[in-house]
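First up is the structure itself, then whatever we jot down about it.
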2 protein chains.
Amino acid sequence: MRMSTKAQYAVRAMVNLNLHSGGSPVTLRDISLRESISLTYLEQLFVKLRRGNIVKSVRGPGGGYLLARPAREIQVDEIIDSVEESLVPVSCMDQKNGCVCDDQCVTHNVWHGLAERIRQFLASITLADLTEEAQRKLTQSNS
Amino acid sequence: MRMSTKAQYAVRAMVNLNLHSGGSPVTLRDISLRESISLTYLEQLFVKLRRGNIVKSVRGPGGGYLLARPAREIQVDEIIDSVEESLVPVSCMDQKNGCVCDDQCVTHNVWHGLAERIRQFLASITLADLTEEAQRKLTQSNS
DNA sequence: AAATTAATTGACAGTTTTGCTCAGGTATGT
DNA sequence: ACATACCTGAGCAAAACTGTCAATTAATTT
């Protein structure tokens, strides 16, 4: 039961982006340096984040990435969904229409309930929450 | 974010064991046949379940496995712990003493909170719950 | 128009984890 | 003694994970 580093990277990168963007585009190179994540790997992640309507890109000099929506409206579960990290604990429940084994599987309800809790929790946290927290930690360590 | 099949098998096997044991030992061979899980794989799982004080073994002819404690006192999270399936979503939090990055990691609280929810949910379900549910489903389909 | 910057994309490779088998062993009841 | 059934460790194939490399496209500045 591990959250992949891909998902962890994506969340970290998004917080960093929001933290250092004053409304102007942030380059992946900057995020790469600050978060010690390989630039090319970040590129992969941001393609997916863009498709997931989490960020939008600005090309050319002075370009980079911006939030596609206000940070308050971006939930952590959306970020993870975008990088194609399933939040459902068992594979038979990948399709939204539920799995066939509803009746037979004794353990079905366990995993279904678990999936709900995970989703619920990660949806309750927004990028704004995390950014504010990061801001607090930053000012603390600078004092 | 997947629950490994190992953990899924372990839970299924435990329900099946409890369902078909009338106080007498149940052989892995029986569970293997009923749940379509490889016998040798089950053997591996049950070594760990025994070490985790979930089951106890009876050797020799007529032997097999028994619950080490009443089903009401066996929680699903204990079963999963026994087969060495980490319930903590990120590796830096494997040790109980917490990870070093408490202060730096912005995302630390997210994963920590998630881990708590997962643990809390799986601890709220006992083997007795699952067995009763299985019993219900069984009698329903037989009517 | 040319050069520069930076996003975009696809292929692919090394490593780790997972899921499972095989080949033995050991203990216990009859 | 012998059958039963637990016990153990080695090993292996497939998948997933974590990236890298190479090449392209698009926008901006000069």
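Note that the coordinates shown come from a computational prediction; the quantities given were computed from them, not determined experimentally. Lettering follows sequence order; numbering is per chain, from 1. Note: hydrogens, waters and symmetry copies are ignored here, and every other heavy atom, side chains too, is used.
In terms of modelled atom types and a separation under 3.5 Å, the side chain of H20(B) and the main chain of N16(B) share a donor-acceptor contact. A donor-acceptor distance shorter than 3.5 angstrom exists from the side chain of S124(A) to the backbone of F121(A), with no hydrogens or angles considered. Without hydrogens or angle criteria, S32(A) side chain to L28(A) main chain gives no donor-acceptor distance under 3.5 Å.
Other residues, nucleotides and ligands contribute only 12 or fewer heavy atoms inside 6.0 Å of the CD atom of Q120(B). Other residues, nucleotides and ligands place more than 12 heavy atoms under 6.0 Å from the CZ atom of R69(B). Within 6.0 Å of CZ in R72(B) there are more than 12 heavy atoms belonging to other residues, nucleotides or ligands.
Regarding K48(A), its NZ atom lies at a distance of 12 Å from the C1' atom of dG19(D), rounded to whole Å. Atom CG in L42(B) sits about 16 Å away from atom P in dT8(D), given to the nearest Å. Computed from coordinates, the L45(B) CG to dT18(C) P distance equals 13 Å when rounded to whole Å. Put simply, CG on L66(B) is 11 Å from P on dC6(D), counting in whole angstrom units. Between Y41(B) atom OH and dT8(D) atom P there is a gap of 17 Å when expressed in whole angstrom units. When the C1' atom of dT18(C) is taken as reference, atom CD1 of I80(B) falls 16 Å away, rounded to whole Å. The CG-P distance, from L49(A) to dT8(C), rounds to 11 Å in whole Å. At whole-Å resolution of the value, CE in M3(B) and P in dG19(C) are 12 Å apart.
Contact annotation: R2(A) side-chain N/O to dT18(D) OP1/OP2 distance is not under 4.0 Å. A sub-4.0 Å separation between OP1 or OP2 of dA7(C) and a side-chain N or O of R51(A) is absent. Listed pair Y65(B) / dC7(D) meets the phosphate criterion, a side-chain N or O lying under 4.0 Å from OP1 or OP2.
Across all strands shown, F46(A) has no heavy atoms under 4.0 Å from either base or sugar-phosphate atoms. Across all strands, Y9(B) comes closer than 4.0 Å only to sugar-phosphate atoms, never to a base (heavy-atom distances). The residue T40(B) sits close to a base: some heavy atom pair falls under 4.0 Å. Within the nucleic acid shown, S57(B) comes within 4.0 Å of sugar-phosphate atoms alone, with no base atom in reach, counting heavy atoms only.
Scanning both residues, R50(A) and K56(A), for their nearest heavy atoms gives CG-CA, 4.5 Å. Residues V83(A) and A10(A) come closest through the heavy atom pair CG1-CB, 3.8 Å. Nearest heavy-atom pair, S21(B) versus V26(B), reported as atom, atom and distance to 0.1 Å: CB-CG2, 3.4 Å. Across all non-hydrogen atoms, the minimal contact from Q8(B) to M3(B) is NE2-O, 3.0 Å.
Residues from residues 24-35 of chain A lying near DNA chain D, meaning a heavy-atom separation below 4.0 Å, are absent.
In this structure, the side chains of Y41(B) and K6(B) come closer than 4.5 Å at one or more pairs of heavy atoms. Here the side chains of F46(A) and I31(A) are in contact, with some heavy-atom distance below 4.5 Å.
For the 3.5 Å distance criterion, the side chains of D129(A) and T126(A) qualify, holding a donor opposite an acceptor.
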For nucleotides 25-28 of chain D, list the nitrogen or oxygen atoms of the protein found under 3.5 Å from its nitrogen or oxygen atoms, one pair per line.
from, atom 1, to, atom 2, distance (Å)
dT25(D), O2, R59(A), NH2, 3.0
dA26(D), O4', R59(A), NH2, 3.2

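Each of L39(B) and Q44(B) lies near DNA chain D, and the nucleotide nearest L39(B) is the one positioned closer to the 5' end.
Taking the side chain of R50(A) as heavy atoms from C-beta on, and the options dT9(C), dT20(D), dT21(C), the nearest nucleotide is dT9(C). Side chain of E43(A), nearest nucleotide from dT8(C), dT18(D), dA10(D): dT8(C).
Across the helix from dA1(C)-dT30(D) to dT30(C)-dA1(D), the helix axis at one end is tilted relative to the axis at the other end by 10° (nearest 10 degrees, each axis from five pairs).
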